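One structure below.
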There are 2 protein chains.
Amino acid sequence: MGMAAKSSSFNMERFFQAFGDNTRLRLLNLMRDREICVCYFVEILGQGQPKISRHLAYLRRAGIVAARRDGKWMHYRIVMPSNIGAAQVLSQTLAWLAEDRSMQADRVRLSKACCYPAKFAALEAAPLPVPVNCSIAPEA
Amino acid sequence: MGMAAKSSSFNMERFFQAFGDNTRLRLLNLMRDREICVCYFVEILGQGQPKISRHLAYLRRAGIVAARRDGKWMHYRIVMPSNIGAAQVLSQTLAWLAEDRSMQADRVRLSKACCYPAKFAALEAAPLPVPVNCSIAPEA
DNA sequence: GGCATATAGTCGTTTTTGCGAATATGTATT
DNA sequence: AATACATATTCGCAAAAACGACTATATGCC
């Protein structure tokens with residue numbers, strides 16, 4: 001009694017464009033299994049905060065990540081699109097990112113920052129990233 | 001025995017950008033299981049020939065398709081990238097395209113054009129698309 | 001309220017992309 | 001070699017994307 005997937009109407013062009021930028025790929029790689037707050041992205045990628053925020057907004061509009069406010073901090077996490085094809089491509093891509101050298105390097109820096117946040121002035125008071133299972137997107 | 005995949009050095013950004021355009025997605029969908037000559041693309045998509053050629057060149061430079069000359073005609077086919085992650089994402093994407101309504105419509109038009117090429121002035125003399133198995137890309 | 005902090009959004013500019021029109025190349029035919 | 005045909009490439013422009021600098025908003029704390 002399942003309902004057939006509405007695979008039309010989904011904008012595949014836009015979906016793939018979201019992956020067509022290295023900064024966004026790096027953000028997704030960091031969020032692969034954790035919910036992370038913006039200041040960590042800024043610290044790990046070493047890029048300006050407005051740039052990070054803009055790319056996160058891009059991913060949010062594309063339905064690939066979701067945000068959660070926690071006081072002053074905003075936490076971002078990956079959400080699986082309800083479109084089946086999109087979800088499969090996203091999963092596959094996340095697995096691919098995990099194999100990439102430079103993406104692994106980002107993850108190493110993230111681990112270090114999580115262990116010793118006090119060493120990064122900007123992270124001293126920030127909430128630590130928290131493991132998550134990628135949630136399913138609410139009805140588009 | 002086996003050689004480990006060189007997953008670094010591959011430009012993921014560029015790879016995904018190749019999918020970030022509807023014309024290119026339509027071309028890939030048509031090539032899903034056949035080698036097709038340019039005049040068919042032009043006829044089925046109803047777009048100018050230079051535009052089609054430019055997008056095919058884009059896909060070729062991205063290592064996603066290969067071309068074969070046959071007299072006056074150029075035939076294009078999908079090639080699986082040697083990068084494992086890329087190959088998996090490509091396969092997944094082709095399967096996704098097969099589910100999409102408008103992509104299915106393109107395929108229907110292609111089938112009709114193949115059955116009655118004489119009905120399309122431009123295809124009268126052109127070589128028919130030929131089924132292929134996606135070949136593996138030669139060493140990058 | 002006033003100030004500090006974390007993040008988001010705007011503005012103007014630079015870069016990149018996609019396009020149609022025109023042109024060039026390569027192949028077959030005569 | 002002249003021509004015709006299929007395809008590729010170039011050129012100039014318009015639209016879109018990405019960026020840094022700046023400004024705006026939201027929250028917490030005194």
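Below, chains carry the letters A, B, ... as their sequence lines are ordered, and counting in each starts from 1. The shown structure was predicted, so the numbers you read here are calculated from the model rather than taken from an experiment. Note that these values count all heavy atoms, side chains included, but never hydrogens, waters or copies made by symmetry.
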side-chain contact (heavy atoms from CB on, under 4.5 Å) for Gln92(A) and Thr93(B)? Distances and angles first, verdict last. CA-CA 10 Å; Gln92(A) 197 78 64; Thr93(B) 301; over 6 Å; no
Q) Using a cut-off of less than 4.0 Å, is there contact between a side-chain N or O of His55(A) and OP1 or OP2 of dC19(D)? A) yes
Checking dG18(C), dA8(C), dT7(D) against the side chain of Ser53(A) (C-beta onward), the nearest is dA8(C)
Only residue of Leu28(B), Thr23(B), Asn22(B) satisfying side chain to side chain contact (heavy atoms under 4.5 Å, CB included) with Arg26(B) is Asn22(B)
Trp73(B) CH2 to dA8(D) P, in whole Å, measures 14 Å
Between N or O atoms, less than 3.5 Å apart, protein on one side and nucleotides 13-17 of chain D on the other: list the pairs.
| from | atom 1 | to | atom 2 | distance (Å) |
| --- | --- | --- | --- | --- |
| dA17(D) | OP1 | Arg14(A) | NH1 | 3.1 |
| dA17(D) | OP1 | Arg14(A) | NH2 | 3.2 |

In whole angstroms, the gap separating C1' of dC11(D) from NZ of Lys51(B) amounts to 18 Å
Rounded to whole Å, the OH-P distance (Tyr40(A) to dA6(C)) equals 12 Å
Check whether any side-chain N or O of Gln47(B) sits under 3.5 Å from a backbone N or O of Val42(B) as a donor-acceptor pair, and report yes or no.
no
Which of dT9(D), dG9(C), dT7(D) is nearest the side chain of Val38(B)? It is dT7(D)
Atom CD of Glu43(A) and atom P of dT7(C) are separated, to the nearest Å, by 12 Å
Between CD of Gln47(B) and C1' of dG20(C) the distance, given in whole Å, is 12 Å
ask   = Any sub-3.5 Å donor-acceptor pair from Arg24(A)'s side-chain atoms to Gln17(A)'s backbone N or O?
value = yes
Can you tell if the side chain of Leu110(A) reaches within under 4.5 Å of the side chain of Arg34(A), non-hydrogen atoms only? yes
Are any of the side-chain nitrogens in Arg32(B) or Asp106(B) under 4.0 Å away from the carboxylate oxygens of its partner? no
Contacts of Tyr58(A) meeting ring pair (Phe, Tyr, Trp, His ring centres under 6.0 Å) (sequence neighbours excluded), chain-then-number -> none
When rounded to whole Å, the CG to C1' distance for the pair Asn22(B) and dC19(C) reads 15 Å
Between CG of Leu56(B) and P of dT9(D) the distance, given in whole Å, is 11 Å
With sugar-phosphate taken as primed atoms, P, OP1 and OP2 and all else as base, the protein-contact string of nucleotides 21-30 of chain C at under 4.0 Å (heavy atoms; B, S, -) is BB---SBS--
Residue pair Ile52(B)/Gly48(A) against DNA chain D: nearer the 5' end by closest nucleotide is Ile52(B)
*Determine the contact category for Phe41(A): base if any of its heavy atoms lies under 4.0 Å from a base atom, sugar-phosphate if only primed atoms, P, OP1 or OP2 are that close, otherwise nothing.*
nothing
Taken to the nearest whole Å, CZ/Arg60(B) to P/dT7(D) is 13 Å
Evaluate the side-chain proximity of Trp96(A) to Gln88(B): yes if any heavy-atom separation is below 4.5 Å, no if none is.
no
Say whether, by atom type as modelled, one donor and one acceptor occur between the side chain of Arg107(A) and the main chain of Asn29(A) under 3.5 angstrom.
yes
